[in-house]
Visitor: 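Quick one: this structure, given as structure tokens, is what I'll be asking you about.
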2 protein chains.
Amino acid sequence: MTTIADVAKAAGVSISTVSYVMSGKRTISVKTQERVARAIEELDFRPHAGARSLASQASHVIGLQAPLRAGVDVQVVMQIVAGVVSEARKQEYDILLLASDDASGLERADRSSSVDAFLVMDVESDDTRLATIAALGAPAVLIGLPAGAEDLTCVDFDFQAAGALAVERLVERGHRRIALVGSPPEVVTRHTSYADRLARGFTEACAAFGVEGSIHPSPSGADAARLLDEVLDHDSSISGLFVHNEGALPHVADRLRARAVGAPAAAAIDLIALCPPEVAHAVGGLTEVIDLPAEEIGAAATRVLEALLAGEPTERVNLLAPRLVTSKLAVDEA
Amino acid sequence: MTTIADVAKAAGVSISTVSYVMSGKRTISVKTQERVARAIEELDFRPHAGARSLASQASHVIGLQAPLRAGVDVQVVMQIVAGVVSEARKQEYDILLLASDDASGLERADRSSSVDAFLVMDVESDDTRLATIAALGAPAVLIGLPAGAEDLTCVDFDFQAAGALAVERLVERGHRRIALVGSPPEVVTRHTSYADRLARGFTEACAAFGVEGSIHPSPSGADAARLLDEVLDHDSSISGLFVHNEGALPHVADRLRARAVGAPAAAAIDLIALCPPEVAHAVGGLTEVIDLPAEEIGAAATRVLEALLAGEPTERVNLLAPRLVTSKLAVDEA
DNA sequence: GTGAAAGCGCTAACAA
DNA sequence: TTGTTAGCGCTTTCAC
């Protein structure tokens with residue numbers, strides 16, 4: 001194994017000089033810098049992570065608690081994680097993947113100093129982990145927005161604004177009776193923070209615009225088509241649909257197309273979806289989509305966490321504004 | 001921060017005794033063990049991961065290189081990762097998530113001793129990382145099966161056998177002209193190991209049974225339905241379909257149902273899918289499915305890696321045999 | 001069955 | 001601008 005001592009010897013300097021060249025915490029003459037850099041390069045030296053973390057009280061690792069469980073939007077979770085990983089690497093941080101189930105994983109990582117900070121995904125409105133997280137030695141950023149704001153830092157997409165935006169658009173298009181086809185029952189029951197907020201934005205906007213809106217948790221697979229039939233057959237005045245459920249979306253879109261066949265054009269159902277652009281594209285035929293910038297959420301959360309670690313001032317609540325995307329292609333098709 | 005010295009003092013023993021109680025590498029009197037255990041409990045002591053890794057030359061961390069990129073079967077990747085994480089935790093290992101793109105991430109983690117071993121996913125048949133991996137100081141297990149076997153340890157689902165099994169079933173059901181609707185073009189082009197092996201099993205079995213089989217990479221979204229039409233309209237003698245593409249499956253199944261409406265029963269197309277049970281269930285209406293035990297793949301790979309770390313003898317190639325699942329429910333529906 | 005003490009490789013005072 | 005050295009918290013010889 002190559003150690004800092006090997007590098008120092010090769011460069012003809014002291015150990016501390018090598019350390020300071022790496023950290024930049026001391027002014028070093030250019031000549032020395034170059035010699036050390038060359039030695040590091042030639043020996044392909046990489047400081048021992050454990051030794052460094054022991055001496056510096058910092059591991060340069062971020063603990064990420066990601067939901068690997070069912071019912072969540074896998075596609076979205078993966079993209080958020082991708083955003084986290086790539087942003088973290090830019091600042092030389094590594095990501096430790098914590099088993100998602102319990103809060104004890106957070107405490108273990110915290111007490112063993114294996115992590116400098118935490119990123120917690122899949123936060124529920126009244127999450128039981130909140131107290132634990134607040135008591136952690138290391139700073140944390142939640143991806144989500146629990147009800148009891150506490151004094152935790154949060155980053156998320158503004159689902160409430162998205163719910164309102166969808167209503168606004170559907171109303172603009174002339175609909176007076178609309179429906180939200182949302183997350184699977186298990187997600188809703190858990191009061192996953194985003195589902196709650198989306199529903200709130202939707203409901204409040206409906207009230208504000210004086211239109212009637214109903215909310216329907218949806219299964220994620222082919223059963224979504226059945227649910228859609230139920231909803232539409234139960235109330236034939238529904239003419240606008242807002243879908244937030246990656247697993248249901250393709251089936252809902254398909255069924256909508258099927259129902260449209262042979263029906264009077266006036267009876268066509270309008271659909272706005274909330275999903276990542278890739279999902280929208282895969283489903284196809286969607287004219288208007290509210291973009292869910294999953295990777296950006298992960299990156300943003302990581303940036304906030306890094307700011308926190310750097311001691312820079314940060315907002316407590318950071319929400320990414322929704323953006324409506326109109327697909328030229330889909331419009332042309334229509 | 002609580003250290004081992006605090007525990008030693010609280011228990012009235014020496015530091016080394018505490019260490020030996022934790023590791024079990026020395027016989028300690030029951031009385032002492034109990035005293036130490038109580039002290040650890042009361043102080044909620046957790047050894048400093050960095051210090052431990054420095055002193056013991058082992059980090060108790062497994063580096064996982066997972067593909068977060070597009071075109072892969074997100075659902076499957078997530079489940080594999082879940083399998084890895086939960087199995088690793090059982091043996092007190094943590095998971096470091098490595099950015100997936102380059103081999104340099106592996107080398108960095110290796111040289112900095114931040115990891116004891118590697119788990120590499122999304123292996124291509126002729127993967128450029130192979131040489132790098134073989135040169136790593138830490139042992140590695142590939143989830144996949146590259147062409148040049150090298151002397152790397154591999155764990156994967158037996159895609160080749162699965163391809164053959166699907167053909168066998170379709171032939172048993174009387175089909176003489178069958179088609180494989182497979183991974184997206186980008187996956188096939190990269191020669192992702194599983195896509196290659198599935199195709200090989202399919203082709204070889206077709207030859208062995210004397211039936212004609214064609215292979216069609218499929219886009220993952222709604223475009224899959226269009227591809228299906230093309231395939232079926234181009235050759236109307238095709239009566240059996242084998243689908244391995246989570247993103248395409250719902251659309252293919254839907255389109256198949258749509259085409260079946262009003263068509264003579266004799267012209268019905270038979271479908272076998274390769275996917276995780278959850279996906280099959282979400283899609284619905286599938287009578288026969290070859291189970292892709294994603295979580296088990298991750299767990300199995302992790303177990304092999306742990307055996308490797310423990311110095312136990314392991315097989316070089318470990319393949320999980322395919323299993324055909326007949327859905328009672330779907331059969332009843334039909 | 002238990003302790004004392006020498007490192008593990010690094011960072012960051014303290015000295016020069 | 002650079003070097004010397006005392007820890008960081010743990011594991012593991014060596015000694016009893």
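Lettering of chains follows the sequences in order, A, B, ..., and the numbering in each one begins at 1.
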Visitor: Identify whether any heavy atom of A:Ser23 sits under 4.0 Å from a base atom; if not, whether one sits that close to sugar-phosphate; answer base, sugar-phosphate or nothing.
Guide: nothing

Visitor: Residues in salt bridge (charged side-chain N to carboxylate O under 4.0 Å, His left out) with A:Glu92, at least two apart?
Guide: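 Once residues adjacent in sequence are excluded, the partners of A:Glu92 under the salt bridge (charged side-chain N to carboxylate O under 4.0 Å, His left out) criterion are A:Arg89.
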
Visitor: Report yes if a side-chain nitrogen or oxygen of B:Thr27 is closer than 4.0 Å to either non-bridging phosphate oxygen (OP1 or OP2) of C:dG1; otherwise report no.
Guide: yes

Visitor: Can a side chain N or O of B:Arg52 be found less than 4.0 Å away from OP1 or OP2 on D:dT11?
Guide: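 So the side chain of B:Arg52 is within the cut-off, an N or O lying under 4.0 Å from OP1 or OP2 of D:dT11.
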
Visitor: Hey, does A:Leu145 have a side-chain heavy atom less than 4.5 Å from the side chain of A:Val123?
Guide: no

Visitor: Quick one: is A:Thr17 getting a side-chain N or O under 4.0 Å of the D:dG3 phosphate, OP1 or OP2?
Guide: yes

Visitor: For nucleotides 13-15 of chain D, give me every protein contact, N/O to N/O, under 3.5 Å, one pair per line with atom names.
Guide:
{"unit_1": "D:dC14", "atom_1": "N4", "unit_2": "B:Arg26", "atom_2": "NH2", "d": "3.1"}

Visitor: Is there any protein nitrogen or oxygen under 3.5 Å from a nitrogen or oxygen in nucleotides 6-8 of chain D, and what are the pairs?
Guide:
{"unit_1": "D:dC8", "atom_1": "O2", "unit_2": "A:Ala55", "atom_2": "N", "d": "3.4"}

Visitor: Nearest-Å distance, CE (B:Met22) to P (D:dT12)?
Guide: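 Computing the B:Met22:CE to D:dT12:P distance gives 11 Å.
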
Visitor: Could you check which of D:dC10, C:dC10, D:dT12 has an atom nearest any side-chain atom of B:Lys25?
Guide: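 Closest nucleotide among those given: D:dT12.
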
Visitor: Mind calculating the distance between CD1 (A:Ile28) and P (C:dA12) to the nearest angstrom?
Guide: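 Going from CD1 in A:Ile28 over to P in C:dA12 covers 13 Å.
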
Visitor: Under the side chain to side chain contact (heavy atoms under 4.5 Å, CB included) test, which residues partner A:Glu42, sequence neighbours left out?
Guide: A:Arg38

Visitor: If I take atom CD1 in residue B:Ile15 and atom C1' in nucleotide D:dG9, what distance separates them, rounded to the nearest angstrom?
Guide: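 B:Ile15 atom CD1 is separated from D:dG9 atom C1' by 8 Å.
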
Visitor: Rounded to the Å, how far apart are B:His60 NE2 and D:dT11 C1'?
Guide: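 That distance rounds to 13 Å.
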
Visitor: Suppose we screen for ring pair (Phe, Tyr, Trp, His ring centres under 6.0 Å). Which residues come up paired with A:Phe157, at least two apart in sequence or across chains?
Guide: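 By the ring pair (Phe, Tyr, Trp, His ring centres under 6.0 Å) rule, A:Phe157 matches A:Phe159.
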
Visitor: Whole angstrom is fine here: how far is it from NE2 in A:His48 over to C1' in D:dC10?
Guide: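 Rounding to the nearest Å, NE2 of A:His48 and C1' of D:dC10 are 12 Å apart.
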
Visitor: Please, which pairs that meet side-chain hydrogen bond (donor to acceptor under 3.5 Å, both in side chains) have at least one residue in residues 48-59 of chain A, sequence neighbours excluded?
Guide: A:Ser59-A:Asp116

Visitor: Hey, does B:Ser29 reach any base, or is it just sugar-phosphate, or nothing, if we go heavy atoms under 4.0 Å?
Guide: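 It contacts sugar-phosphate atoms only.
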
Visitor: Taking 4.0 angstrom as the limit, do B:Glu87 and B:Lys90 come out as a salt bridge?
Guide: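 Salt bridge present between B:Glu87 and B:Lys90.
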
Visitor: May I ask you to decide if B:Glu124's main-chain N or O and B:Asp127's side chain share a donor-acceptor pair within less than 3.5 Å?
Guide: yes

Visitor: Between the side chains of B:Arg303 and B:Glu296, is the shortest nitrogen-to-carboxylate-oxygen separation below 4.0 Å, so that they form an ion pair?
Guide: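 Yes, this pair counts.
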
Visitor: Between A:Ile15 and A:Thr3, is a side-chain contact (heavy atoms from CB on, under 4.5 Å) present by the stated rule, with each step listed?
Guide: CA-CA 10 Å; A:Ile15 285 181; A:Thr3 75; over 6 Å; no

